[in-house]
Amino acid sequence: MTLFEPLTSIYLTAIGLVVGSFLNVCIYRLPLGESVVHPPSRCPSCEKRLRWYQNVPVLAWLVLRGRCGFCRSPISWRYPSIELASGAIVLGSWLWFGPTPEFFVSVPFAWAMLVLFFTDYDHKLLPDVVTLGGFALGMALAWWNPFLGADEGWPRIWAAVYGAGFGSGVLWGVGALYSRLRGVEAMGMGDVKMMALVGAFTGVTGVIFTIFAGSVVGAVVGLSLVPLRGRSMQDTLPFGCFLAPAGLAALLWAQPIAAAYMQLLRPPM
């Protein structure tokens with residue numbers, strides 16, 4: 001790994017930045033039902049097609065001082081932020097894992113969580129192309145996915161199947177029970193599909209970690225925002241915004257935490 005450093009890290013970071021530009025397109029267009037490939041990138045205000053040099057990740061936004069090169073309308077700081085986040089995902093995974101299966105599993109999962117966080121934040125929508133597509137990718141990578149906490153091969157396939165079924169089943173069951181008792185929808189099917197994606201990548205242990213962490217943090221944030229915004233908990237909380245970072249944390253730490261906890265439960269020798 002060190003033979004080609006730091007060139008490899010620079011190259012991979014550049015790829016991450018370019019992918020981040022595409023993720024911006026997905027975040028903007030998928031909830032609107034628009035194609036992510038046509039038409040090419042354009043200004044959201046004047047809708048003029050951007051020239052190639054106006055599309056260079058981060059740098060173009062800085063050179064243009066956060067404004068469209070045609071109509072001078074402000075371009076949100078979030079665009080370069082997402083590009084930087086994508087670059088950081090790739091670089092961080094590379095430096096942490098190197099050229100291992102962990103790198104090739106963690107990067108697309110983190111990209112999916114990034115898109116789902118912002119689509120849920122903006123529209124309270126978790127697009128099927130990301131949730132179901134991510135679930136399919138998780139199953140396709142399961143054989144080589146060490147985050148599932150099982151031996152390579154069929155045990156990992158079954159761990160992904162159990163994780164996806166458990167994650168989607170738990171959220172669907174909780175939502176159905178709440179709706180029956182309270183008469184209001186508590187859990188959208190987007191959240192259910194998202195947990196199938198998380199389960200396919202992290203297994204049952206990761207699902208438990210994700211739901212617990214996402215619920216706790218969501219409750220704390222929601223309760224703190226209710227008096228500030230004057231809204232109800234239902235208005236305040238897009239649950240996917242809490243499941244996304246919790247899912248990423250679960251991928252990285254759920255299995256080690258579970259192993260450490262089981263070690264504590266063992267009787268002393």
Residues Met113, Leu197; criterion side-chain contact (heavy atoms from CB on, under 4.5 Å); working and verdict: CA-CA 10 Å; Met113 294 300 103; Leu197 156 62; 3.5 Å; yes
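- In terms of heavy-atom proximity, Ser9 sits nearest to Leu95 at OG-CD2, 3.7 Å.
- Between Lys193 and Asp128, at least one side-chain N (NZ, or NE/NH1/NH2) sits under 4.0 Å from a carboxylate O, which counts as a salt bridge.
- With a 4.5 Å cut-off on side-chain heavy atoms, Thr13 and Val90 do not count as touching.
- Between Arg42 and Arg29, the shortest heavy-atom distance links the atoms NH1-NH2, 3.2 Å.
- Counting all heavy atoms, side chain and backbone alike, Met194 lies closest to Gly240 at CE-O, 3.8 Å.
- Rounding to the nearest 0.5 angstrom, the gap separating the CH2 atom in Trp154 from the CZ atom in Arg156 is 14.0 Å.
- Aromatic ring orientation, Trp94 versus Phe103: perpendicular (interplanar angle above 60°, classes split at 30° and 60°).
- Salt bridge Arg78/Asp122: present, at least one basic N to carboxylate O contact under 4.0 Å.
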Verdict with supporting geometry, Tyr79 and Trp61, ring-ring contact (aromatic ring centres under 6.0 Å, His included): CA-CA 8 Å; Tyr79 288 93; Trp61 188 89; 9.3 Å; no
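- Minimum interatomic distance between Ala60 and Asn55 (heavy atoms only, all atoms of both residues): CB-N, 4.2 Å.
- Shortest non-hydrogen contact noted between Phe147 and Leu251 is CD2-O, 2.9 Å.
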